[in-house]
Colleague: 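Got a structure for you, written out below as structure tokens; questions coming shortly.
Chain A is the first sequence line, chain B the second, and so forth, proteins listed ahead of strands; every chain is numbered from 1. No experiment lies behind these values; they were computed from the predicted model shown.
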Protein chains: 2
Amino acid sequence: MAEQTQKKPSRIQQRNRRKILDAALDVFSAHGFRGATLDQIAEQAGLSKPNILYYFDGKEEIHVTVLSQLMETWLDPLAGLDPEGDPLTEILTYVQRKLEMSRDLPRESRLFANEILQGAPRMDPHLRADLKPLFDARCAVIQAWMDAGKLAQVDPRHLIFSIWATTQHYADFQAQIDVLLEGQEPTDAAAQFLQTMFRNLLTPGPNTTPA
Amino acid sequence: MAEQTQKKPSRIQQRNRRKILDAALDVFSAHGFRGATLDQIAEQAGLSKPNILYYFDGKEEIHVTVLSQLMETWLDPLAGLDPEGDPLTEILTYVQRKLEMSRDLPRESRLFANEILQGAPRMDPHLRADLKPLFDARCAVIQAWMDAGKLAQVDPRHLIFSIWATTQHYADFQAQIDVLLEGQEPTDAAAQFLQTMFRNLLTPGPNTTPA
DNA sequence: TCGTGTATTTACCAAATGGTCAAAAACAAG
DNA sequence: CTTGTTTTTGACCATTTGGTAAATACACGA
């Protein structure tokens, strides 16, 4: 059966589960949970619907599995922020990595956005268990940098929010951006803009927040 | 019938259409188009399902109507940006207004986000017809301000994107933010942060973009 | 090659859902 | 009250969709 409690998954099982999860990422990210159908996932995966339900207990389980896997990938850049590195460089690198993820993994970004938009019904536990601790830890690191005078004083929490918002925007609102930037040079102006914005924000100098 | 080609709508008709559209905003913004059901909308509106279909031709038409109405509200702040005003003040005021809209009209923000996330299937025409021209016009205004040396030189298009992204983030990702900021002082730190960020970005000074 | 557990398909089902229709209320005007 | 119009409803319908059961095909080690 598929419910092997501890058996090693056969090669064919691994392959099919991967195909299903990849198809599910496609479909869920494009239509949301309720908008996606098992038939669509089945077709995309090149398998029959009952066959898919042979590998997963139901639509819900597929969705949860995809979201769980996504979580790791998604937290990776933030987790990679090095408390020992140069503060400004670390943050600007983080911005850059997030921006690249929007480019290279738009499906993942949209899937995540979809889930949060609906109130994170299935992801809330993950957010509390995985994201929250990491978020708090990174806020503390950034705060320490600021206290040491290595960065301008701003609210670390909203700094992170603004990084997420601006970078993920390019994946999540791509349809809008395509309309607004139609036919314009594909220069990577976004990267340059964001680097400038966050550098200016974080560089301690004459423009710092008034006490 | 409801299909009066030019007749004035009766008072009861106006009232019911409004109830339906408000209920639809609730339901669509919370579950997306496919996730929303006519029964949910009917219940929320306090009407029966057939009665709803007496006022609207179908689910699709309700959705389109809500989106169209939303468009005006949504473009209003950008349209209100005054080319004659003080550049920095104008933009910072715009940021503030957009942030307030995220607070006061989160349903609208999420409905919009949902639609764009799905690739703007029903809104694409509106984007091209209404948003695009306004966007181009405002970009030109901002560019002129920069050329006159009244603002630091950055890409106006990405400036606007970043304003949208950061402000709407507070409505669209509220579920996530609630988890991450749980139990923290409800100070309006977001407003202060964003004002600082965009002021530092746009104030011509030592931290300007390198030529 | 054979047998056994694995994988896949065919044929279904029940619930949900968008939508219809005719008739009943409700209502307005004379 | 009566008549003509607008509004509302109850009873249905067809399709979609998540899911199941049983039968069939397949892989692969003995």
Side-chain angles (χ1 to χ4, degrees), chain A residues 1-28 30-67 114 118 121-122, chain B residues 1-28 30-67 114 118 121-122:
Chain A
M1 336 173 188
E3 337 299 343
Q4 320 169 294
T5 331
Q6 348 198 10
K7 286 263 162 74
K8 58 188 171 184
S10 73
R11 216 165 312 121
I12 189 165
Q13 231 177 79
Q14 277 186 298
R15 179 174 53 86
N16 279 350
R17 283 183 72 99
R18 204 170 0 196
K19 282 206 292 183
I20 292 171
L21 290 176
D22 188 67
L25 178 57
D26 253 37
V27 179
F28 281 136
H31 307 290
F33 178 72
R34 294 220 40 195
T37 73
L38 284 180
D39 296 275
Q40 287 175 301
I41 298 176
E43 192 191 26
Q44 183 77 17
L47 299 173
S48 69
K49 180 167 66 174
N51 200 10
I52 281 188
L53 292 169
Y54 170 74
Y55 289 103
F56 289 91
D57 275 345
K59 191 183 178 183
E60 183 100 15
E61 198 197 286
I62 300 178
H63 193 237
V64 169
T65 304
V66 177
L67 282 178
N114 252 310
Q118 315 297 321
R122 288 166 252 276
Chain B
M1 327 180 189
E3 339 298 347
Q4 320 169 292
T5 332
Q6 348 199 10
K7 286 264 163 73
K8 58 190 170 185
S10 75
R11 214 167 313 120
I12 188 166
Q13 230 176 80
Q14 277 186 296
R15 181 174 52 85
N16 279 349
R17 282 184 70 99
R18 203 169 2 192
K19 283 206 293 185
I20 292 170
L21 290 176
D22 187 68
L25 178 57
D26 253 38
V27 178
F28 282 136
H31 306 291
F33 178 72
R34 294 221 38 198
T37 74
L38 283 181
D39 296 273
Q40 286 176 300
I41 297 176
E43 192 191 25
Q44 183 79 14
L47 299 174
S48 69
K49 180 166 65 173
N51 201 8
I52 281 189
L53 292 171
Y54 168 74
Y55 288 103
F56 289 91
D57 275 346
K59 190 183 178 183
E60 183 100 15
E61 197 197 286
I62 300 178
H63 193 238
V64 169
T65 305
V66 176
L67 283 179
N114 250 310
Q118 315 298 321
R122 287 166 254 274

Colleague: Would you call Q40(B) and F28(B) a side-chain contact if the rule is heavy atoms closer than 4.5 Å?
Modeller: no
Colleague: Under 4.0 Å between a side-chain N/O of S48(A) and OP1 or OP2 of dT8(C), yes or no?
Modeller: no
Colleague: Is there a side-chain contact between L38(B) and L53(B), using heavy atoms and a 4.5 Å cut-off?
Modeller: yes
Colleague: Provide, to the nearest angstrom, the distance between the OH atom belonging to Y55(A) and the P atom belonging to dT20(D).
Modeller: 17 Å
Colleague: Quick one, give me the B/S/- string for nucleotides 11-30 of chain C, reading 5' to 3', where B means a protein heavy atom under 4.0 Å from the base and S means that only happens at the primed atoms, P, OP1 or OP2.
Modeller: B-----SBBBB---------
Colleague: Would you mind reporting whether H31(B) and N114(B) have side-chain heavy atoms less than 4.5 Å apart?
Modeller: no
Colleague: At less than 4.0 Å, is any side-chain N or O atom of Q13(A) found next to OP1 or OP2 of dA7(C)? Yes or no.
Modeller: yes
Colleague: Which pairs pass salt bridge (charged side-chain N to carboxylate O under 4.0 Å, His left out) with one or both residues in residues 34-45 of chain B, sequence neighbours excluded?
Modeller: D39(B)-K49(B)
Colleague: Measuring to OP1 and OP2 of dG19(D), would you say a side-chain N or O of Y54(A) lies under 4.0 angstrom away?
Modeller: no
Colleague: Hey, are the side chains of I62(A) and D57(A) touching, using non-hydrogen atoms and a 4.5 Å cut-off?
Modeller: no
Colleague: To the nearest Å, give me how far apart CZ (F56(B)) and C1' (dT8(D)) are.
Modeller: 16 Å
Colleague: Counting only side-chain N and O atoms of N51(A), is one of them less than 4.0 Å from OP1 or OP2 of dA7(C)?
Modeller: no
Colleague: Among residues at least two apart in sequence or on other chains, which ones pass side chain to side chain donor-acceptor pair (under 3.5 Å) with D26(B)?
Modeller: Q44(B), R107(B)
Colleague: Quickly work out the Q14(A) CD to dT6(C) P distance and round it to whole Å.
Modeller: 16 Å
Colleague: Quick one: is N16(B) getting a side-chain N or O under 4.0 Å of the dT6(D) phosphate, OP1 or OP2?
Modeller: no
